[in-house]
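One structure is given here, and the rest of the page talks about it.
Convention: sequence-line order gives letters A, B, ...; per-chain numbering from 1.
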Number of protein chains: 2
Amino acid sequence: MKKYVHILKKTQMFSGVMDTEIASMLSCLGARLYDYKKGEYVLRRGEHISDIMVLVEGNLHIQKDDYWGSRSILGHIDVGEMFGEAYVAPESGAILNDVVAVEDSTVIFFDVKRIITTCPSACRFHALVVQNMFFAISEKNRKLVQKLGHMSKRTTREKLISYLSEEANRRSSASFTIPFNRQQLADFLSVDRSAMSNELCKMRDEGLIEFEKNKFRLL
Amino acid sequence: MKKYVHILKKTQMFSGVMDTEIASMLSCLGARLYDYKKGEYVLRRGEHISDIMVLVEGNLHIQKDDYWGSRSILGHIDVGEMFGEAYVAPESGAILNDVVAVEDSTVIFFDVKRIITTCPSACRFHALVVQNMFFAISEKNRKLVQKLGHMSKRTTREKLISYLSEEANRRSSASFTIPFNRQQLADFLSVDRSAMSNELCKMRDEGLIEFEKNKFRLL
DNA sequence: ACAAATCGGTTGTTTTTACAACAGAAAAAG
DNA sequence: CTTTTTCTGTTGTAAAAACAACCGATTTGT
């Protein structure tokens, strides 16, 4: 587990906590490490959890399949990102979505009760971690609202413009690389891939955007 | 402010905190009370805040207008509900949506720094409030994910089924009253009102649902 | 009690999307 | 290096949604 301290150090959760301190906090926070092969499920719809997880290696997708097998990718998780925090409240119900490894991945589980119950002695930085978590969840909340902003657009073009504008804005650059291929982007925005591909090309022909593979440029 | 202690007592934020304790905590938490007339804006897109708010009287909508004036209602806030928690992180940007009073309303503002910085002496229940907030934000997070679940459905009918199923499930009853009129429900699901009305009637004719005004029944 | 505004349902037209099927290019596997 | 698979763009068709316009009923305001 110690080999991932340098990853954890860069997470929002441990922001401001020293390396040595992180190592000693791991047991205090009830940390457990799990490995997943590409394609394996980290979380499944219907499960109940009381953990918050951090991805320390690999890449995960948050996805949902409906009755008829149509898949929506609700988001993706990069190394250093936290997930599962939406289901840790005592009154929270079952998990609504699947989390699946899109490449070989490693995840650290933290018992939420151990996090929010400040330990009496050892952890000097425990209160800081709680604050970090607070802000991290708050921030995630904001991102969900932002995604809802894209989804609430009526047409495929409007959704694309909303998403691409935000990416450009977030990177402070008209050129950027997105973390999705076409099918994944279509799933993310909940539209048909071919229709989206068609729309992207129309937008390119109209001089609104340029793109090559995952690299986009707004004009 | 004291007249609203009985409301605050029932909020997630002060769950488990005694009445007398709440009253004494208000100043410690930097609470301020504001009144709004119907139609007035509580928060505007582009503002920056470092407060968490609780509605203690009235009814609010979270909404967004795009360039051309098309309005999406992203959600509604009932008495006792908390909002604004998505923007309190230090690195958080400007508010993305408007919050507007749909009837005369009263809101209490809490300075987030005062909440997460546990005071050294007075507040015995401060740690509990932090935990409550933690779970509350977590829970809100889950609800956003759930709404994304509806929004990710392709057709109006699927969105309606997703929304109505969840409401029925949440109330544990096939009959329930929704907090929206037709236009508001259409805005909430980001679909056209007339098309939605049409679809609802088709579903009724097919024997899937019954409804009268805001009262629905799944069959 | 009356006038005005809002609300919900209906219909027809236009626009957009979903779906299906296919082909060339690129990437991965052997 | 060759074969297979995946990825992306293209097209045509059918289905669905958006839009606009209208009407009757209900609610609100005066």
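- Out of C:dT17, D:dG9, D:dT8, the shortest distance to the side chain of A:N181 is found at D:dT8.
- Taking only side-chain atoms of A:S194, from C-beta outward, the nucleotide of C:dG8, D:dA16, C:dC19 with the closest atom is C:dC19.
- For the pair A:R182 and D:dG9, the criterion of a side-chain N or O lying under 4.0 Å from OP1 or OP2 is met.
- The main-chain N or O of B:Q12 is never found under 3.5 Å from a side-chain atom of B:S15 such that the two would form a donor-acceptor pair.
- Nearer to the 5' terminus of DNA chain C, by closest-nucleotide assignment, is the contact made by B:R204 (compared with the other of A:K213 and B:R204).
- The side chain of B:R193 lies closest to C:dG8 when the candidates are D:dA17, D:dT11, C:dG8.
- The side chain of B:A195 sits closest to D:dA17 out of D:dA17, D:dT11, C:dA18.
- The distance between the ring centers of B:Y34 and B:F109 falls below 6.0 angstrom.
- Following rounding to the nearest Å, A:L185 (CG) and D:dG9 (C1') show an atom-to-atom distance of 15 Å.
- In this structure, the CG atom of B:N214 is 10 Å from the P atom of C:dG9, given to the nearest Å.
- Each of B:S197 and A:K202 was assigned the nucleotide of DNA chain C with the nearest heavy atom; the assignment lying further toward the 5' end belongs to B:S197.
- Ion pairing of A:E85 with A:K140 is present here, as a side-chain N (NZ or NE/NH1/NH2) and a carboxylate O approach within less than 4.0 Å.
- Between D:dC19, C:dA18, D:dA17, one nucleotide has an atom nearer to the side chain of B:D192 than all others, and that is D:dC19.
- Distance from the side chain of B:R154 is smallest for C:dC19 among the nucleotides C:dC19, D:dT8, C:dT17.
- The aromatic rings of A:Y163 and A:F180 lie tilted to each other, with the angle between the two planes from 30° to 60°.
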